[in-house]
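Throughout, protein chains are lettered first and strands after them, A, B, ... in sequence-line order, and every chain is numbered starting at 1.
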Amino acid sequence: MLSQISKRYDHNEVEDKIYELWERSGFFNPDNLDVEKDAKSYTIILPPPNITDKLHLGHSAMLAIEDLLVRFHRMKGFRALWVPGTDHAAIATQNVVEKNLLKKGITRQSLGKEKFLEEVWKFLNETQATIQHQMRKMGASMDWSREAFTLDEPRKKAVRKMFVDMYNAGLIYRGYRVVNWCPRCHSTLADDEVEYKEETGKLYWLKYGPFILATSRPETKLGDTAVAVHPDDPRYKDMVGKKFMIPGVLGDFEIIVVADKAVDKDFGSGAIKVTPAHDFADYEIAQRHHIPMKQIIDEDGKMMDNCGKYAGMTTVEAREEIVKDMEKMGLIDHIEENYVHNLATCYRCGTVIEPIPSKQWFVAVDKKIEKLGNKSLKERALEAASKKEIKFIPERFTKRYSDWMTNLHDWCISRQIWFGHDIPVWYKGQEIYVGEVAPKGDEWTQDPDTLDTWFSSGMWTFSTLGWPEDYKDGKKTEDLAKFHPTQVLETGYDILTLWVSRMIIMTIFALDEVPFENVYLHGLVLDKHGKKMSKSKGNGIDPLEMIEKYGTDAVRLSLLLGSTPGNNVRISEEKIENFRNFVTKLWNIYRYFASNPRAKLKDNIEKDDLKSLSDRWIVSELNSLISEVSDDVEKYRFSLAGEKLEKFTWDKFAAWYVEIHKMEKNDIVLGYVFDKILKLWHPFTPFVTEKIFRDFYEDKLLMVEKYPESDKNLINKEAVNEFGALQEAISKIRNIRTSYHIDSKLIINAHSENIKNKEIIEKLVRIKLDNINHEMRTLNIGNINLDITNIIDVQKEIASLEKEIKNMENSIAKTEALLNNDNFIKKADMDIINQTKTRVDEYKEKLRVQRDLVDNLKQL
RNA sequence: GGGUAUUUAGCUCAGCUGGUUAGAGCGCACGGUUCACAUCCGUGAGGUCACUGGUUCGAGUCCAGUAAUACCCACCA
């Protein structure tokens with residue numbers, strides 16, 4: 001059989017075929033799984049990647065983790081479902097397509113909406129196909145029959161219904177407000193889509209009628225309608241409530257002085273100018289004091305017609321001009337250079353944000369409604385976390401979520417871009433119609449805006465599971481009943497607030513339940529220097545290239561091991577290469593195994609099948625491993641689980657048991673352990689394990705085999721201890737061989753009065769054991785006497801042994817002191833005390849052996 | 001300004017509820033290739049677990065503080 005098995009594991013040859021086999025089997029779809037009638041479902045909805053680009057290594061990490069979870073639970077007998085999909089990423093996609101078109105000299109406006117959208121769809125069909133291909137290459141066991149897109153027909157329908165329902169419940173309203181406006185994207189942005197960048201600018205101190213006050217934006221003076229001071233500030237007490245005429249570059253204008261606690265007495269002069277239309281804090285002050293609003297900046301970020309000679313300038317141009325003019329008029333007190341402050345920019349394109357007033361659609365997060373038990377969306381969303389209906393892994397993110405949710409303002413959901421979900425609202429003069437389908441009659445025009453991309457992705461867990469069809473009269477049916485709430489949302493911590501919190505809000509409203517029971521947050525994938533991978537830096541690692549070079553299994557392992565939840569992972573090609581070596585190791589174990597024509601995988605074993613110490617030992621270790629690994633995976637400790645598996649496979653099984661099998665030839669045990677190894681590894685490295693398994697069973701799939709259960713009866717502590725002693729003796733002899741440069745081919749004579757495991761020792765350390773006590777200079781290891789005549793440097797060996805003896809004596813002293821400590825005896829657990837006692841006995845025994853050894857050497 | 005995390009071997013990182021002589025991979029040193037595997041095997045060197053206190057019979061692990069680093073949130077005119 002071995003001759004037919006290729007010497008190398010050729011992942012490129014194997015992987016696509018295996019994936020096709022899985023896909024054709026239909027088992028990605030839980031409806032086809034052969035599970036118990038009352039089997040629980042296990043659902044993960046894939047966080048849909050943006051169709052703006054192909055997948056990067058961060059996505060690969062996400063896919064590796066989710067596939068691990070899904071495969072694990074599928075093998076555990078769950079109705080496992082993983083729904084794939086992609087996100088239309090409204091603004092981001094529009095920007096990418098716009099940029100591409102600009103390279104050809106075409107602008108969005110010149111194409112017109114319809115033609116432009118055609119270009120967008122052309123683009124997204126391509127990237128979508130690439131993404132689907134990449135997911136398959138990662139081995140993702142997703143149910144493609146349920147694949148979704150945030151902007152396909154079913155999702156459009158769901159979004160429309162959601163909007164209408166929320167509107168009817170009074171949670172969606174239209175308001176005229178100051179919003180974050182990106183003059184480049186020509187659209188609003190949500191608060192958390194704004195990025196702040198530090199900038200060194202100037203702080204202008206203005207002579208402002210009776211005041212002197214500081215501002216970084218003197219051009220907004222044209223829109224000022226008030227001055228605000230702190231109510232307790234004695235300097236301005238008498239001025240509150242009075243009106244003043246302020247000299248300005250376009251003539252005098254009137255302001256009113258108001259007292260508001262938002263003002264910081266200690267900053268600047270303690271008085272601030274209020275520009276309600278172009279500053280959030282000012283807008284809020286204006287609301288509280290009923291101050292009028294005067295808009296001076298338009299949607300292009302330019303000064304409006306009411307700005308006299310400054311009209312048409314950008315804010316930056318206007319600032320320079322106005323400052324010049326104010327200086328001429330003597331209105332500038334002084335200018336502070338190098339003033340460091342934060343600049344609000346658009347997270348998609350980096351353009352400076354202008355706060356401007358605008359009519360937009362909002363979701364009210366603080367409004368209490370009956371449907372939510374007279375609570376607000378915010379209250380219910382906070383409850384979900386505090387009542388642990390949703391658990392965060394790692395737990396610390398609960399706090400981040402709650403803090404963010406507590407400070408949430410009404411969510412602006414309308415966007416002035418072309419690509420996205422249409423808003424199901426129609427206008428006829430002053431009349432407004434909100435409904436899932438357009439009202440009859442020609443005179444109605446639909447709202448030209450589209451919805452924030454998070455509105456549709458916020459519905460992702462249920463819009464993909466048949467909502468609204470599978471939800472009648474508050475009852476879930478079909479898929480929605482079977483698979484919702486989902487078990488885990490696995491995603492990067494960077495979108496905890498952007499996305500996760502919105503899903504919670506939307507789902508609570510639509511279904512009166514949480515979207516998922518657990519939120520597992522993985523870190524960012526960084527390069528080996530801890531830097532973010534990016535195209536511009538050229539430090540990115542392309543997942544497909546790595547898969548091609550090292551195989552998917554190796555790539556998956558490099559992303560799963562050596563990391564902890566919520567922490568960033570550094571990855572390098574060397575790391576991937578390393579795990580490729582492990583996959584090769586697994587393959588070589590298989591080659592050894594299959595070199596025996598009688599080799600068969602064995603699902604079960606009887607105690608009688610265990611013939612030797614080695615058998616009892618490896619089977620015991622295996623069964624301990626099974627329960628630990630299951631437990632680790634269930635508790636999201638993938639890295640730990642993988643490391644334990646690796647250690648078992650490489651160090652225990654390959655390095656020890658397989659070597660011993662060459663002598664003992666217990667094929668049953670070998671087949672049993674190997675069978676379990678393949679199953680335990682499958683969720684981590686699905687391809688190589690499936691390939692090996694299929695070589696034994698043409699008509700079965702490892703993917704749907706039962707996950708191993710630990711059999712406690714096979715755990716044998718004595719065997720583990722005894723084998724440990726054997727390993728130690730062998731290591732010691734090997735150690736002696738290397739430290740004294742004994743020719744590796746030289747077979748050392750040795751004798752023992754009571755030889756156990758003779759063959760193993762002889763073979764593994766190249767000695768010849770007999771039980772006749774010759775007259776020879778010997779070195780005693782355990783109960784083995786090595787004939788070291790003329791071989792070793794006695795003094796050197798004594799010195800090294802004495803060092804060990806000293807260490808051992810220290811350990812004994814420390815442990816005995818502990819045992820003599822009354823407090824320890826009184827307070828420690830009985831188990832711990834017993835363990836400690838056993839330990840001290842073991843130490844003493846070792847010490848005795850070593851002392852004998854030294855005495856023995858000294859006599860030579 | 002507020003918050004969270006990180007700090008363990010030369011490098012990258014594990015270490016779950018406090019309890020053996022703190023681990024892995026890479027790198028390094030030495031030795032090894034007919035016998036599954038040089039993408040390998042064997043042996044070894046290398047750590048005051050950032051620092052200072054505290055709680056405890058017992059601290060890498062818990063608490064407080066300090067320092068460095070990273071990130072998040074808020075935004076102040």
request  = Specify the separation, in whole Å, of atom CD1 of A/I733 and atom P of B/rU43.
outcome  = 12 Å

Touch class at under 4.0 angstrom, heavy-atom based, for A/N342 against every strand present = base

task = Check every atom of B/rC35, B/rA77, B/rC37 against the side chain of A/I272 and return the nucleotide holding the closest atom.
result = B/rA77

query = A/N578 side chain: which of B/rC26, B/rA5, B/rA74 is closest?
reply = B/rC26

query = Is there a donor and acceptor pair closer than 3.5 Å between the side chain of A/K585 and the base of B/rC37?
reply = yes

task = Write down the distance between CD (A/E336) and P (B/rA77), rounded to a whole number of angstrom.
result = 11 Å

Shortest side-chain distance from A/N567, nucleotide among B/rU6, B/rC41, B/rG44 = B/rU6

key: Length of the line joining A/H11:NE2 and B/rU39:P, which is rounded to integer Å   = 15 Å

key: Given RNA chain B, 5'-ward residue of the pair A/K273 and A/D403, judged by closest heavy atom   = A/D403

ask   = Which one, B/rC16, B/rG19, B/rG3, comes nearest to the side chain of A/D632?
value = B/rC16

query = Where the side chain of A/A654 is concerned, which of B/rC76, B/rG19, B/rA36 is the nearest nucleotide?
reply = B/rA36

query = Contact class for A/V274 (heavy atom, under 4.0 Å): base, sugar-phosphate, or nothing?
reply = nothing

task = May I ask you to test the A/S501-A/Y401 pair for a side-chain heavy-atom distance under 4.5 Å?
result = yes

remark   = Smallest heavy-atom separation, A/F593 atom then A/L670 atom, equals CD1-CD2, 3.2 Å

query = Side chain of A/D829, backbone of A/D831: donor and acceptor closer than 3.5 Å?
reply = no

request  = Return the nearest nucleotide to the side chain of A/T215; candidates are B/rA77, B/rG25, B/rA36.
outcome  = B/rA77

query = Is there a side-chain contact between A/L408 and A/M405, using heavy atoms and a 4.5 Å cut-off?
reply = yes

message = Distance criterion of 3.5 Å, no angle test: do you see the side chain of A/R737 paired donor-to-acceptor with the base of B/rU43?
response = no

message = Can you measure A/Y550 atom OH to B/rC26 atom P for me and round it to whole angstrom units?
response = 14 Å

message = On RNA chain B, does the nearest nucleotide to A/R734 precede the nearest nucleotide to A/S269 from the 5' side, or the other way round? Give the residue.
response = A/R734

inquiry  = In this structure, how many angstroms lie between the P atom of B/rC35 and the NZ atom of A/K745, rounded?
reply    = 14 Å

remark   = Closest of B/rG3, B/rA77, B/rG25 to the A/K399 side chain is B/rG3

request  = Once you apply the 3.5 Å cut-off to both distances, tell me the Watson-Crick or G-U wobble partner of B/rU56, or none.
outcome  = none

Nucleotide of B/rG23, B/rU43, B/rC40 approaching A/K647 most closely (side-chain heavy atoms) = B/rG23

Spacing between A/F582 atom CZ and B/rA24 atom P, to the nearest angstrom = 16 Å

N/O donor-acceptor pair, side chain A/R637 with base B/rC16, under 3.5 angstrom = yes

request  = For A/I589 and B/rC37, give me the distance from atom CD1 to atom C1', rounded to whole Å.
outcome  = 9 Å

message = Taking the minimum atom-to-atom distance to the side chain of A/F824, which one of B/rG19, B/rA5, B/rU43 wins?
response = B/rG19

request  = Please evaluate the base of B/rA36 for a donor-acceptor partner in the side chain of A/K662 within a cut-off of under 3.5 Å?
outcome  = yes

ask   = To the nearest 0.5 Å, how far apart are NZ in A/K221 and OG1 in A/T275?
value = 11.0 Å

Separation between CG of A/L819 and CD1 of A/I812, rounded to the nearest 0.5 Å = 11.5 Å

task = Kindly indicate whether the side chain of A/T584 and the base of B/rU39 share any N or O donor-acceptor pair separated by less than 3.5 Å?
result = yes

query = Any N or O donor-acceptor pair linking the side chain of A/E646 to the base of B/rA14 at under 3.5 Å?
reply = no

inquiry  = Return the pairing partner of B/rA50 with a 3.5 Å limit on both distances, Watson-Crick or G-U wobble; otherwise return none.
reply    = B/rU66

